[in-house]
Amino acid sequence: MWWYIGKRLLQTIPVILGATFIIWALVFLRPGDPILGLFGDKPASPAVKAAIEHQYHLDENFFVQWLYFLKGIFTFDLGDDFRGQAISTQLQNAFPVTVTLALMALVFEAIFGVVLGTIAGLRRNGWFDSTMLVATLIMLAIPIFVIGFVFQLFFGVKLGWAAVTVGGDWTVSKLILPAVVLGIVDLAYTLRLTRTSVAENLSADHVRTARAKGLSPGLVVRNHVLRNSLIPVTTHLGVNVGGLMAGAVITEGIFNVPGVGNLAFRSIQQGQSTTVVSVVTVMVLVYVLMSLLVDLLYAVLDPRIRYA
């Protein structure tokens with residue numbers, strides 16, 4: 001087991017190197033000069049501009065800048081952005097907000113997706129199953145920014161059930177509506193995946209054997225159908241944690257959530273290359289660690305799976 005965990009953790013090194021290199025290249029090739037943006041409409045002094053470029057190694061070539069960034073990662077010093085603000089402090093302020101938002105969205109989609117998907121799978125081709133298929137198709141067809149603005153207008157402005165925007169003084173209650181919007185599209189995937197998996201396991205040999213032994217329907221569903229059906233669903237939900245965090249840019253923008261998505265969007269606009277790549281690196285680590293956790297949960301859900 002520990003050998004497997006160590007092997008998977010070692011695999012994160014080339015993943016981080018590749019991801020940071022690609023993102024750094026995209027940011028580096030972006031048109032515009034971020035230093036000139038610091039001066040606004042005022043003319044930039046050549047001497048001051050040269051000093052700032054030397055301070056942040058912008059006078060070096062692309063590859064050398066990337067090596068300086070890697071050095072900061074391995075020494076746990078991400079440095080400052082072009083405005084002199086510590087990148088680690090910005091991440092510390094934004095990361096808890098996005099984690100809370102992503103976990104709330106995950107709980108929402110996991111509970112409703114698994115429960116409704118299980119019922120639809122057990123009653124396949126019935127009216128409930130058909131209704132869920134149509135409802136999830138509508139969820140998948142509507143863009144997330146449309147859902148966000150409609151929910152914001154209806155539940156926030158018209159009904160007043162939730163805060164219209166979150167702002168800097170965020171609370172869990174203010175994140176409920178953004179979490180529902182963030183998780184509603186993935187809810188459709190979770191529901192459909194659970195429905196399909198449950199329907200397939202209902203016709204499996206071990207389920208027919210359990211029924212032939214006289215086990216109660218509830219026991220058959222709980223121990224023999226649902227437990228095996230949750231393996232692909234667990235994979236989807238586990239990997240989706242990173243997807244919810246990385247994909248929260250639109251939702252955080254609509255509801256003015258001070259999270260990682262907003263930080264990444266502002267940094268891209270301002271050409272803050274180090275901040276953008278730092279956010280991406282954190283997201284890559286979340287993806288890898290969640291994938292490892294999902295792999296280890298397989299052994300709990302299915303005793304046939306073991307890691308030597």
Side-chain angles (χ1 to χ4, degrees), residues 85 90-117 120 131-194 233 236-270 272 275-276 279-280 282-283 286-287 290:
Q85 299 180 357
Q90 297 181 54
L91 286 174
Q92 289 174 5
N93 294 332
F95 199 70
V97 186
T98 301
V99 171
T100 305
L101 178 63
L103 291 179
M104 292 174 64
L106 184 70
V107 171
F108 167 74
E109 71 165 282
I111 293 177
F112 287 95
V114 171
V115 172
L116 297 178
T131 302
M132 289 297 101
L133 289 177
V134 173
T136 53
L137 183 61
I138 295 174
M139 294 178 191
L140 296 173
I142 302 177
I144 186 66
F145 64 88
V146 175
I147 298 176
F149 284 124
V150 170
F151 275 47
Q152 188 180 51
L153 175 64
F154 187 73
F155 294 104
V157 178
K158 299 295 184 180
L159 298 178
W161 290 357
V164 179
T165 59
V166 177
D169 55 339
W170 67 278
T171 58
V172 174
S173 60
K174 290 184 177 180
L175 293 177
I176 293 178
L177 188 58
V180 172
V181 173
L182 183 61
I184 198 168
V185 175
D186 291 299
L187 166 65
Y189 288 111
T190 304
L191 194 154
R192 283 174 168 256
L193 182 61
T194 306
V233 178
H236 171 72
L237 292 176
V239 178
N240 199 36
V241 173
L244 289 172
M245 294 179 61
V249 177
I250 298 177
T251 305
E252 289 185 359
I254 294 174
F255 292 94
N256 191 27
V257 180
V260 175
N262 250 338
L263 175 62
F265 181 72
R266 293 196 310 269
S267 301
I268 293 173
Q269 285 184 318
Q270 300 168 1
Q272 303 280 1
T275 306
V276 175
V279 172
V280 172
V282 172
M283 294 299 103
V286 172
Y287 263 106
M290 289 309 303

Review point. Can you list the residues that meet the side-chain contact (heavy atoms from CB on, under 4.5 Å) rule with V134, with sequence neighbours excluded?
Key: I138
Review point. Quick one: CG on L140 to CD1 on I142, what's the gap to the nearest 0.5 Å?
Key: 10.0 Å
**Study point:** Student check: side-chain heavy atoms of V97 and L101 closer than 4.5 Å
**Key:** no
Point to revise | Pairing residues for T275 by the side-chain hydrogen bond (donor to acceptor under 3.5 Å, both in side chains) criterion, not counting sequence neighbours | key: none
**Study point:** Non-hydrogen side-chain atoms of T251 and V257 separated by less than 4.5 Å
**Key:** no
Check your understanding: Looking only at heavy atoms, what is the nearest atom pair of A179 and M104, with distance?
Key -> CB-CB, 3.7 Å
Practice item. Just jot down the side-chain hydrogen bond (donor to acceptor under 3.5 Å, both in side chains) partners of T171, sequence neighbours excluded, or say none. Key: S173
Practice item. For V107, enumerate each residue passing the side-chain contact (heavy atoms from CB on, under 4.5 Å) test, keeping only those at least two apart in sequence or located in another chain. Key: I111
Practice item. List in chain and number order the residues that pass side-chain contact (heavy atoms from CB on, under 4.5 Å) with A163, two or more places apart in sequence or in another chain; answer none if no residue qualifies. Key: K174
Practice item. Among residues two or more places apart or on two chains, list those pairs meeting side-chain hydrogen bond (donor to acceptor under 3.5 Å, both in side chains) that have a residue in residues 152-164. Key: none
Study note, to complete from the structure: Note: P178 and V166 closest approach over all heavy atoms is CG-CG2, 4.1 Å
**Study point:** By side-chain contact (heavy atoms from CB on, under 4.5 Å) - contacts of T131 (at least two apart)
**Key:** W127
Point to revise | Residues in ring pair (Phe, Tyr, Trp, His ring centres under 6.0 Å) contact with F151, at least two apart in sequence or another chain | key: F155
Review point. Taking all atoms of both residues into account, what is the closest heavy-atom pair of A94 and L263, and its distance?
Key: CB-CD2, 4.3 Å
Practice item. Report the residues that fulfil side-chain hydrogen bond (donor to acceptor under 3.5 Å, both in side chains) with Q90, sequence neighbours left out, ordered by chain and then residue number. Key: D81
Exercise for review: List the steps, then state whether side-chain contact (heavy atoms from CB on, under 4.5 Å) holds for L177 with V164.
Suggested key: CA-CA 9 Å; L177 188 58; V164 179; over 6 Å; no
Donor-acceptor pairs are to be reported for all side-chain atoms of residues 185-193 against protein atoms at under 3.5 Å, with residues two or more places apart or in another chain.
from, atom 1, to, atom 2, distance (Å)
T190, OG1, E109, OE1, 2.8
T190, OG1, D186, O, 2.9
T190, OG1, H236, NE2, 3.3
R192, NE, T136, OG1, 2.9
R192, NH2, L133, O, 3.1

Practice item. State which residues pass ring pair (Phe, Tyr, Trp, His ring centres under 6.0 Å) with F112; sequence neighbours excluded, sorted by chain then number. Key: F108
Practice item. Please name the pair of heavy atoms, one in W170 and one in T100, separated by the smallest distance, quoted to 0.1 Å. Key: CH2-OG1, 3.9 Å
Point to revise | Spacing of L175 atom CG and L103 atom CG [to the nearest 0.5 Å] | key: 11.0 Å
Point to revise | Distance (rounded to the nearest 0.5 Å) between M139 CE and I184 CD1 | key: 5.0 Å
Practice item. Quick one: closest heavy-atom pair of V260 and T98, and the distance? Key: N-OG1, 2.6 Å
**Study point:** From F255 atom CZ to N262 atom CG, the distance as rounded to the nearest 0.5 Å
**Key:** 12.5 Å
